[in-house]
Amino acid sequence: MSGTINKESAARASKVTAALKREYPDARCALNYETPFQLLIATILSAQCTDARVNIVTSTLFNKYRTPSDFIAVPDEELEKDIFSTGFYKQKAKSIKACCIALIEKHGGDVPSGFDDLCELPGVGRKTASVVAGNAFGFPSVAVDTHVKRITNLLGLVESQDPEKIEAEIKLLVDPNDWVIFSHLIATHGRTVCFARKPACSQCVISGYCPSVKYEK
DNA sequence: CTCCCGATAT
DNA sequence: ATATCAGGAG
């Protein structure tokens with residue numbers, strides 16, 4: 001039942017976390033960045049785009065654009081061209097510019113560290129805010145991306161399809177000290193084993209905790 | 001719920 | 001040739 005956080009789920013969440021920590025001891029944010037500002041931009045670009053693709057784009061993007069002012073200074077078409085391959089490039093260019101203006105006008109050119117302030121920024125939703133707050137500023141946060149949504153559902157740890165509800169349920173099941181790493185562990189698992197199209201259950205270290213296991217014929 | 005869009009797997 | 005991947009805003 002949604003809303004019913006039983007001990008069984010919490011215990012299983014804990015075992016899943018432990019097993020994935022063992023399997024992916026180096027799990028971390030898959031986006032490359034040096035500063036909170038770079039992480040913010042990279043995460044905006046990662047909407048509906050793989051982290052691997054974002055890293056290709058940002059490897060050169062961050063040499064050209066170093067500050068919020070740098071992004072505002074160029075014509076829309078130029079920024080669109082620079083982020084083109086991440087998809088939704090017109091939207092993202094607009095978001096990035098509006099976001100950079102907000103950073104300057106409301107936060108003295110810095111990236112705010114609080115989840116709520118981050119959520120107010122153009123192009124920044126709960127997932128992006130959680131990534132930045134959790135990874136750049138060390139605030140316990142659960143970033144619910146497509147992997148977390150899919151896999152927590154497969155595991156039967158959550159019932160909802162709504163990312164905000166999923167986030168709340170995970171926060172009740174997982175130790176706050178593990179919130180940030182939990183997202184990374186699940187995302188890593190989703191990228192390498194528990195594929196959306198065809199989960200490799202036979203190679204899954206948490207299949208024993210998964211009600212959705214399917215073995216190939 | 002619809003729109004925004006390229007990259008890659010099938 | 002087409003389905004699927006990967007979030008946010010209106």
Side-chain angles (χ1 to χ4, degrees), chain A residues 27-33 37-61 71 76-103 106 111-112 114-136 141-154 158 160-170 179-180 182-201 203 212 214 216-217:
Chain A
R28 59 164 203 97
C29 182
L31 259 11
N32 296 149
Y33 66 96
F37 179 61
Q38 287 188 350
L39 180 58
L40 175 62
I41 299 299
T43 311
I44 290 174
L45 290 175
S46 79
Q48 300 292 95
C49 177
T50 61
D51 289 352
R53 169 58 49 187
V54 172
N55 288 337
I56 292 171
V57 169
T58 56
S59 68
T60 55
L61 189 79
F71 281 101
D76 288 5
E77 309 73 52
E78 186 173 344
L79 180 54
E80 287 170 6
K81 201 177 158 213
D82 290 335
I83 64 174
F84 180 82
S85 74
T86 65
F88 298 123
Y89 58 89
K90 287 187 178 171
Q91 289 283 105
K92 288 176 182 175
K94 266 194 210 336
S95 291
I96 288 172
K97 281 194 160 194
C99 183
C100 286
I101 289 171
L103 291 180
K106 300 181 182 175
V111 178
F115 179 83
D116 292 337
D117 283 338
L118 286 163
C119 277
E120 306 272 321
L121 297 169
V124 178
R126 297 187 71 86
K127 185 265 185 174
T128 299
S130 294
V131 167
V132 175
N135 295 282
S141 345
V142 173
V144 179
D145 64 1
T146 187
H147 299 293
V148 173
K149 174 182 173 181
R150 181 181 75 256
I151 295 173
T152 54
N153 267 283
L154 285 172
V158 304
S160 179
Q161 293 302 304
D162 171 22
E164 188 167 348
K165 289 180 184 165
I166 293 172
E167 180 190 327
E169 291 182 40
I170 291 172
W179 286 356
V180 173
F182 182 82
S183 298
H184 294 147
L185 291 168
I186 297 286
T188 300
H189 194 56
R191 249 180 256 117
T192 57
V193 175
C194 192
F195 308 111
R197 294 173 201 242
K198 197 174 174 232
C201 298
Q203 292 164 230
S212 311
K214 294 246 159 57
E216 263 133 66
K217 50 153 226 55

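FYI, side chains are in, hydrogens and waters are out, and symmetry mates aren't considered; it's all heavy atoms of this structure. Here is how names work: the chains are called A, B, and so on, in the same order as the sequence lines, proteins then strands, and each is numbered from 1.
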*Which nucleotide in the set dG8(C), dT8(B), dA6(C) lies at the smallest distance from any side-chain heavy atom of R197(A)?*
dT8(B)
*asked:* Which nucleotide wins on minimum distance to the side chain of R53(A), given the candidates dC5(B), dA7(B), dG7(C)?
replied: dA7(B)
_Heavy atoms only, 4.0 Å cut-off, all strands: where does D145(A) land among base, sugar-phosphate and nothing?_
sugar-phosphate
*Report yes or no: does K92(A) contribute a side-chain atom to a donor-acceptor pair with the main-chain N or O of I83(A) at less than 3.5 Å?*
no
*May I have the distance from E167(A) (atom CD) to dG8(C) (atom C1'), rounded to whole angstrom?*
15 Å
*What interatomic distance, in whole Å, is found between C1' of dT8(B) and the corresponding atom of dG8(C)?*
23 Å
*asked:* Measuring from the side chain of S85(A) (C-beta onward, heavy atoms only), which nucleotide among dA6(C), dA7(B), dG7(C) has the closest atom?
replied: dA7(B)
*OP1 or OP2 of dA7(B) sitting under 4.0 Å from any side-chain N/O of T86(A)?*
no
*When you measure from the side chain of H147(A), which nucleotide among dA6(C), dC5(B), dG7(C) comes out closest?*
dA6(C)
*asked:* Testing the basics here: between L185(A) and A27(A), what is the closest heavy-atom pair and its distance to 0.1 Å?
replied: CD2-CB, 3.7 Å
_Interatomic distance, R150(A) CZ vs dG7(C) P [rounded to whole Å]_ = 10 Å
*For T128(A), which contact category applies under a 4.0 Å heavy-atom criterion: base, sugar-phosphate, or nothing?*
sugar-phosphate
*Nearest-angstrom distance from the residue atom CG of L45(A) to C1' of dC5(B)*: 13 Å
*Could you state the atom-to-atom distance from CD1 of I56(A) to P of dA7(B) in whole Å?*
10 Å
*Looking for any heavy atom pair under 4.0 Å, which part of the strands does Y89(A) touch: base, sugar-phosphate only, or nothing?*
sugar-phosphate
*Could you tell me whether a side-chain N or O of N32(A) sits under 3.5 Å from a main-chain N or O of N55(A), the two making a donor and an acceptor?*
no
*Between dA7(B) and dA9(C), how far apart are the C1' atoms? Round to whole Å, please.*
23 Å
*Roughly how many Å is it from CD1 in I44(A) to C1' in dC4(B), rounded to a whole number?*
15 Å
*Between dT2(C) and dC5(B), how far is it from one C1' atom to the other, in whole Å?*
16 Å
*Return the nearest nucleotide to the side chain of K90(A); candidates are dA6(C), dG7(C), dC5(B).*
dC5(B)
*Taking the side chain from R126(A) and the backbone from V144(A), do they hold a donor-acceptor pair closer than 3.5 Å?*
no
*Looking at D145(A), L45(A), T43(A), L118(A), which hits side chain to side chain contact (heavy atoms under 4.5 Å, CB included) with T128(A)?*
T43(A)
*Value in whole Å for how far the C1' atom of dG8(C) lies from CG of L40(A)*: 13 Å
*Rounded to whole angstroms, how far apart are CG on L118(A) and P on dG7(C)?*
17 Å
*So which one's nearest nucleotide on DNA chain C is more toward 5', L121(A) or T50(A)?*
T50(A)
_With nearest nucleotide decided by heavy atoms, which residue, C119(A) or S46(A), maps closer to the 5′ end of DNA chain C?_
S46(A)
*When we call it a touch if two heavy atoms are under 4.0 Å apart, what does P163(A) touch: a base, just sugar-phosphate, or nothing?*
nothing
*Among dC5(C), dG7(C), dA6(C), which nucleotide sits nearest the side chain of A196(A)?*
dC5(C)
*Round to the nearest Å and state the distance from I41(A) atom CD1 to dG8(C) atom P.*
14 Å
*Taking the side chain as every heavy atom from C-beta outward, state whether I166(A) and N153(A) have any atom pair closer than 4.5 Å.*
yes
